[in-house]
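Right, one structure below, let's go through it.
Note that this is a predicted model, so its numbers are computed, not measured. Whatever order the structure lists them in is the order used to number ligands and atoms, beginning at 1.
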Amino acid sequence: MNVFKFGGASVDSAEGVRNFVKIVQNYKEEMIIVVSAMGKMTNALEDLAHSYFHGHEDTKNRFLQIKNYHLEIITGLFSERESKGYEELEQIFLELEKYLEKTPSLNYDFEYDQIVSFGELLSTKIISLFLTQSGRPNKWVDIRSCLKTDDTHREARVDWELSSKLINQVFNFEKTFVYITQGFIGGTNTNMTTTLGREGSDYTAAILSYILDCDRVMIWKDVPGIMNADPKWLDDAQKLERISYREAIELAFYGAKVIHPKTIQPLKKKEIPLHVKSFKEPSEPGTIIAKANNKREEHIPVFIQKKNQLLISIQPNDFSFIMEENLSDIFSTFAKYRVKVNLTQNSAISFSVCVDDTGEKLRELIVELKKNYRVRYNEHQELITIRHYNREAVERMVKGREILMEQRSRNTAQYVLSN
Ligand code: ASP
Ligand code: MG
């Protein structure tokens, strides 16, 4: 059995959905298809959730824009608007519209999940109906009934035991060859909707694959596979044919936006191969993430760029040294604000940290640090990571730039560069 995952970019228009069907028709085996919200709908729904929560006047308008976007795709796909399927879609729009009329609770993250999840519910419904109409019967599954999570809204954690039981019951392949279901969303045991974190559909595909012991996962993207750099940044970026799970985890950790970071672990545990393929060129092989080859692997340098970094330098107020006590205090402050640290360096009297600049939350953290430390920071810096670096690769990145921080291990070199 295969698990396929299609991202928003693959189904952002009627034409995209038709292409999706063409790809699926090439595979005759049993499969589960996990789909994200269409195009940029998750961003639009985030804005809607924000407007709704704050009682802004544009709430209704935002809703209508989202509805119209989907209607345009729907009318591009189906000829008879009065079909039974169309009613089901109307029902989903109505449900969202009704929801927006209610007074919001005081919990933003909760409201966010209830609203943003409509993107995946709509996309999967449309796609499932169209696939059926195209001669491929399939079963639409509301994943919230079986992918169970805790109630950490917007970053929900999976209840593996319960999900395992329910997912095995739901996806039993007794009466169907093809299931279509939502990525990114889940449900609590009291049936409240949750989400797994932005870009979480890859992770959903991995969860299902792990629990159901699938043969392989295929993630369909708008790039030829995993590249050694973002091609929008370096135009000579090359595709990687095959990488190990370990390497994929490292790349995701350093910020390569190829695969959602949580995705690889479950696949690695069961050695399920993951193919990253282009929906624009479906017959091309893409990249395979699998068990490491026994023979020593040849690695070309991989470049990862992170912009909008904040470089914070922290010194104890009393000019004491940076010791374990200070470090543990500093780290626990970062943990409290749930800030992921990208790079650190310490000297005798100062400790430097490079983090993604997430705005307000980070400024609050700095205020807290300032109670005990002298804190300075530089905004808009760039963090470059080079895996499997060599002299030439380093030259290419740092030439003519001011290096604010540098760190090298055997396989990885990292630089914070000034802008
Ligand atoms: N639709 C969600 C997002 O854009 C999940 C995903 O695309 O993986 O974040
Ligand atoms: Mg998406």
Side-chain angles (χ1 to χ4, degrees), residues 3-13 16-17 19-20 32-50 62 65-67 69-70 73 92 96 108-128 140-144 147 149 152-158 180-187 193-210 217-223 226 230 248 251-252 255-267 274-280 289 340 356 358:
V3 172
F4 281 18
K5 181 258 168 172
F6 285 85
S10 66
V11 288
D12 63 354
S13 61
V17 177
N19 182 53
F20 156 88
I32 299 175
I33 304 172
V34 174
V35 189
S36 307
M38 295 174 145
K40 299 260 177 262
M41 279 300 108
T42 303
N43 292 350
L45 283 155
E46 276 189 343
D47 292 342
L48 175 66
H50 185 265
R62 288 191 186 280
Q65 275 169 15
I66 289 166
K67 184 172 176 181
Y69 175 88
H70 288 100
I73 295 178
I92 303 178
L96 175 56
Y108 182 74
D109 291 348
F110 169 84
E111 297 299 346
Y112 174 104
D113 281 356
Q114 309 319 303
I115 291 171
V116 170
S117 50
F118 275 90
E120 271 69 14
L121 293 172
L122 283 163
S123 68
T124 49
K125 198 85 220 183
I126 294 169
I127 284 163
S128 165
W140 181 86
V141 171
D142 184 339
I143 198 80
R144 296 172 298 179
L147 202 168
T149 70
T152 316
H153 288 286
R154 298 183 69 178
E155 201 70 55
R157 278 180 286 248
V158 176
I180 294 199
T181 197
Q182 307 77 37
F184 175 57
I185 71 175
T193 304
T194 54
T195 61
L196 306 174
R198 284 301 307 264
E199 309 300 330
S201 297
D202 291 350
Y203 185 39
T204 304
I207 295 166
L208 293 173
S209 311
Y210 178 86
V217 185
M218 284 199 186
I219 294 189
W220 297 86
K221 296 178 79 80
D222 57 357
V223 287
I226 296 184
D230 181 346
L251 295 182
K257 286 195 204 69
V258 269
I259 301 288
H260 186 275
K262 287 183 185 164
T263 307
I264 309 293
Q265 289 289 14
L267 302 178
L274 167 63
H275 298 234
V276 179
K277 281 168 72 85
S278 162
F279 61 78
K280 293 173 180 161
I289 303 173
K340 184 181 165 276
D356 294 348
T358 48

Should the pair D202-K5 be classified as a salt bridge under the 4.0 Å nitrogen-to-oxygen rule? yes

Side chains of W140 and Q182: does their closest heavy-atom pair fall under 4.5 Å? yes

So is H260 in contact with ligand 1, going by heavy-atom distances below 4.0 Å? no

I want to confirm something. Looking only at heavy atoms, which of A37, S201, S117 is nearest to atom 6 (C) of ligand 1? S201

Give yes or no for whether the N/O distance cutoff of 3.5 Å, strictly under, is met between E199 and ligand 1. yes

Heavy-atom gap G200 to ligand 1 smaller than 4.0 Å: yes

Does a donor on one side chain and an acceptor on the other come within less than 3.5 Å for D113 and T194? no

Ligand-residue contact atoms, ligand 1 with E120, heavy atoms, under 4.0 Å: 1 (N), 2 (C), 5 (C)

Close-contact set for ligand 1 against R198 heavy atoms, below 4.0 Å: 3 (C), 4 (O), 9 (O)

Do E46 and R198 sit within salt-bridge range, that is, some charged N less than 4.0 Å from a carboxylate O? yes

Main-chain N/O of T181 paired to T124 side chain as donor or acceptor, under 3.5 Å: no

